[in-house]
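A short worksheet on the structure shown next.
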Number of protein chains: 2
Amino acid sequence: MLSERQMMILRAVVRDFTNTGVPVGSKALAKQLPIHVSSATIRNEMAALEEQGLIKKTHSSSGRIPSVEGYRYYVDHLVKPDPLQPNDIDVIQTSLGGDFHKIDEIISQSATILSNLTSYTAFTLKPELKDSRLSGFRLVPLGKRQVMAILVTDSGDVENQTFDVSEAVSGDQLEAVVRLINDQLVGLTLPDVLQKLQTDIPLKIANYLQSPTGFLDIFGDVLTRAAQERFYVGGRLNLLNFSQDSDVDSLKSLYSLIDKTDDIANVLGPPSDNISVQIGNEMTNDALQNFSLITATYDVNQHGRGMIAILGPTRMPYSRMLGIVGAFREELAKKLLDYYRNYDE
Amino acid sequence: MLSERQMMILRAVVRDFTNTGVPVGSKALAKQLPIHVSSATIRNEMAALEEQGLIKKTHSSSGRIPSVEGYRYYVDHLVKPDPLQPNDIDVIQTSLGGDFHKIDEIISQSATILSNLTSYTAFTLKPELKDSRLSGFRLVPLGKRQVMAILVTDSGDVENQTFDVSEAVSGDQLEAVVRLINDQLVGLTLPDVLQKLQTDIPLKIANYLQSPTGFLDIFGDVLTRAAQERFYVGGRLNLLNFSQDSDVDSLKSLYSLIDKTDDIANVLGPPSDNISVQIGNEMTNDALQNFSLITATYDVNQHGRGMIAILGPTRMPYSRMLGIVGAFREELAKKLLDYYRNYDE
DNA sequence: TCTTAGCACTTGGTTTGTTTGAGTGCTAAA
DNA sequence: TTTAGCACTCAAACAAACCAAGTGCTAAGA
């Protein structure tokens with residue numbers, strides 16, 4: 001249990017350290033705090049805070065820096081998100097104000113905006129497609145042997161892929177396949193489609209084609225790509241600013257971590273309604289020991305829920321960051337609702 | 001004019017320094033060289049080489065390192081490309097051996113292979129499309145207001161883009177546009193198409209649509225994207241290994257340089273039949289002062305010519321790198337010919 | 001004339017020691 | 001409970017000393 005004064009001191013330590021990066025000592029605190037006590041008193045309180053594992057020293061006679069637990073306490077109990085700077089609001093609204101023709105453009109643009117605002121690295125995941133349904137499938141013959149497969153979902157997502165057909169296939173046959181898929185699968189959720197694709201469909205398609213597997217593979221490919229959570233990264237290079245003593249190896253593993261599509265869900269953690277903060281070793285991943293991750297979901301009504309996140313050094317100014325993330329999730333949700341409304345009507 | 005012995009010494013200095021990264025002294029050279037002379041003699045010769053600006057000292061009593069001019073002389077007169085390691089041949093052939101369905105896959109895969117072989121950063125440009133011709137154009141209605149535009153060239157390239165149509169457009173109208181474009185533009189080279197698009201076409205299309213500009217913009221978009229040289233980068237992270245003293249700023253400018261599509265042609269320089277080497281400040285770009293760039297073209301007969309390149313530290317083992325680039329350009333050309341042959345027949 | 005042994009000299013890097021300043025814990029008095 | 005005072009610690013900055021590698025030059029030898 002912390003006294004009021006201890007909280008005040010802890011808050012000041014975190015604030016000061018996140019701002020300056022220098023361990024903060026009793027004297028500086030005494031001068032800075034609103035209450036009027038001597039540095040010796042501060043020292044006593046700091047000893048108590050250290051006792052509880054909330055702050056620590058970098059060496060035996062140094063000032064204090066927050067421990068991970070200290071940051072945690074600060075984030076959970078002491079911080080208040082800063083309201084956005086007018087300037088920041090401007091940036092968001094102009095960057096997001098344009099006319100977009102694809103959801104992906106909005107989401108990827110968002111990653112850039114977020115990284116600019118924070119000067120950290122930002123992630124954006126588009127709303128999950130798990131619940132969206134197949135609304136159309138096309139096969140468009142392009143040349144002698146090339147065909148493009150196009151898949152459309154009811155939420156306006158389009159996924160396509162070109163492939164070669166190994167044998168000569170007639171337009172009629174293609175048509176038949178398309179008709180079959182559209183008859184049987186349209187309206188189902190993507191996971192359901194994927195499942196049927198492995199059971200019912202191969203039998204039926206065999207009527208039209210001798211070796212149907214090729215087609216189904218392609219269709220499956222396009223499908224899984226569409227169903228996969230697609231994520232975007234902004235401000236990759238900002239990570240360079242925080243890799244202390246330029247440890248190339250850890251930088252590399254960091255970069256390969258954030259570029260691997262499959263891992264990202266693991267890294268970000270499960271979605272939650274609140275804005276969530278993960279600090280340093282609270283994340284299991286070794287490469288992230290000196291980083292903090294702020295994640296937040298955004299809801300687009302029946303169109304599902306997506307996620308945004310920023311990754312920065314453990315000593316980030318949390319109040320400002322929480323403010324930005326909180327505001328941005330709202331703006332993004334609004335923008336997407338707008339987009340869908342336009343698209344639906 | 002260099003004597004035989006001076007050449008031998010220069011070659012040895014470059015070899016040694018590129019291998020070890022340590023300035024090389026007279027004693028080490030005396031031991032290493034095939035001829036039997038004392039270190040004092042070597043010192044005299046080195047003084048002569050320094051006189052000519054081919055090698056230099058890092059400080060008044062240090063060993064010598066090659067100057068840019070020294071590297072240049074070495075590359076122009078002394079180096080012999082190493083033959084490929086059996087292991088490397090293996091890597092190339094298995095990585096390139098698979099079944100590809102798109103040229104872009106081959107080219108992008110090539111960047112990865114090259115970067116793996118060299119442990120530097122690799123670039124690959126696909127064969128220019130300037131000379132290839134439009135072979136087909138499609139507009140595929142996807143939903144109420146979404147349409148996909150697809151463009152195919154005679155070299156098998158496919159480019160597509162989804163867009164919203166602001167007004168309700170009937171299928172008939174779309175068909176008419178498609179027919180018009182196919183009638184008027186198929187068979188022309190892409191630059192010609194682009195040109196006609198600004199002159200003849202708008203007039204004709206006005207018969208079918210009230211506000212044709214939207215469509216033409218889209219078509220133009222897709223077209224320019226297809227005509228643009230597309231390039232791929234492999235081994236981005238390898239740059240981290242060579243950024244001495246972790247100068248974050250120069251790293252950043254380096255990365256933004258290689259990620260900007262429009263600049264890449266400038267950076268790589270004009271294509272030439274030979275393998276070309278650019279060393280340090282021979283490149284005007286500030287960010288590249290400590291790097292060397294090896295570029296080479298590859299020819300795919302009538303399908304045009306592309307480019308590959310590797311970017312590494314000035315002190316790279318040139319003989320090995322020249323060997324790799326030389327061999328790889330051939331393999332890639334072969335593979336692409338194969339691909340086109342399959343595609344054409 | 002070319003080569004080489006020998007030597008004085010230069011320099012960066014490493015080690016070792018010193019100083020300084022910010023900060024701490026503890027004690028004893030207010 | 002607070003605070004002034006004091007002894008103590010440690011990183012960082014600076015300086016001195018030393019070492020190893022290498023150089024240029026000179027003078028003798030082939």
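Chain identifiers are assigned alphabetically (A, B, ...) following the order of the sequence lines, protein sequences preceding nucleic acid strands; residue numbering begins at 1 within each chain.
When distances are taken from the side chain of A:R43 to each of D:dA11, C:dT3, C:dC26, the shortest belongs to C:dC26. The side chain of B:K57 sits closest to D:dT23 out of C:dG25, C:dT3, D:dT23. Distances were taken from every side-chain heavy atom of B:R5 (C-beta onward) to each of D:dT3, D:dC25, C:dT3; the shortest belongs to C:dT3. Taking the side chain of A:S61 as heavy atoms from C-beta on, and the options C:dA22, D:dT3, D:dT23, the nearest nucleotide is C:dA22. Minimum atom distance to the side chain of A:S26 is reached by C:dT24, of the listed C:dT24, D:dT3, C:dT4. Set against C:dG12, D:dT3, D:dG24, the side chain of A:V37 has D:dT3 as its closest nucleotide. Nearest to the side-chain atoms of B:S38 among the listed nucleotides D:dT23, C:dT4, D:dT9 stands C:dT4.
We find that CG of A:N44 is positioned 15 Å from P of C:dA28, with the value rounded to whole Å. Rounded to an integer number of Å, the gap from B:D16 CG to D:dA21 C1' is 14 Å. For the pair B:H36 NE2 and C:dA5 C1', the interatomic distance rounds to 14 Å; values are reported in whole Å. Nucleotide C:dG23 holds its P atom 9 Å from the CE atom of A:M46, rounded to whole Å. The separation between A:E51 atom CD and C:dT24 atom P is 16 Å, rounded to whole Å. Summarising the geometry, the separation between NZ on A:K56 and P on C:dT24 is reported as 16 Å, rounded to the nearest angstrom. Protein atom NE2 of B:H59 is 6 Å distant from nucleotide atom P of C:dG12, rounded to whole Å. For the pair A:I65 CD1 and D:dA11 P, the computed distance is 14 Å after rounding to whole Å.
Counting heavy-atom neighbours within 6.0 Å of A:H59 NE2, excluding the residue itself, gives a total above 12. In the displayed structure, A:K57 atom NZ is contacted under 6.0 Å by more than 12 heavy atoms of other residues, nucleotides or ligands. The 12-atom threshold is exceeded at NZ of A:K252, counting heavy atoms of other residues, nucleotides or ligands nearer than 6.0 Å.
Toward the 5' end of DNA chain C, the nearer of the two residues B:E45 and A:E50, judged by each one's closest nucleotide, is B:E45.
Using modelled atom types and a 3.5 Å distance limit, the side chains of A:S62 and A:T58 yield a donor-acceptor pair.
Side-chain atoms of B:R64 and base atoms of D:dG24 include no donor and acceptor less than 3.5 Å apart. Within 3.5 Å, no donor on the side chain of A:S60 pairs with an acceptor on the base of D:dT9, nor the reverse.
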Query raised in the report: Between A:Y318 and A:S292, is a side-chain hydrogen bond (donor to acceptor under 3.5 Å, both in side chains) present by the stated rule, with each step listed?
Result: CA-CA 10 Å; A:Y318 289 94; A:S292 280; 2.8 Å; yes
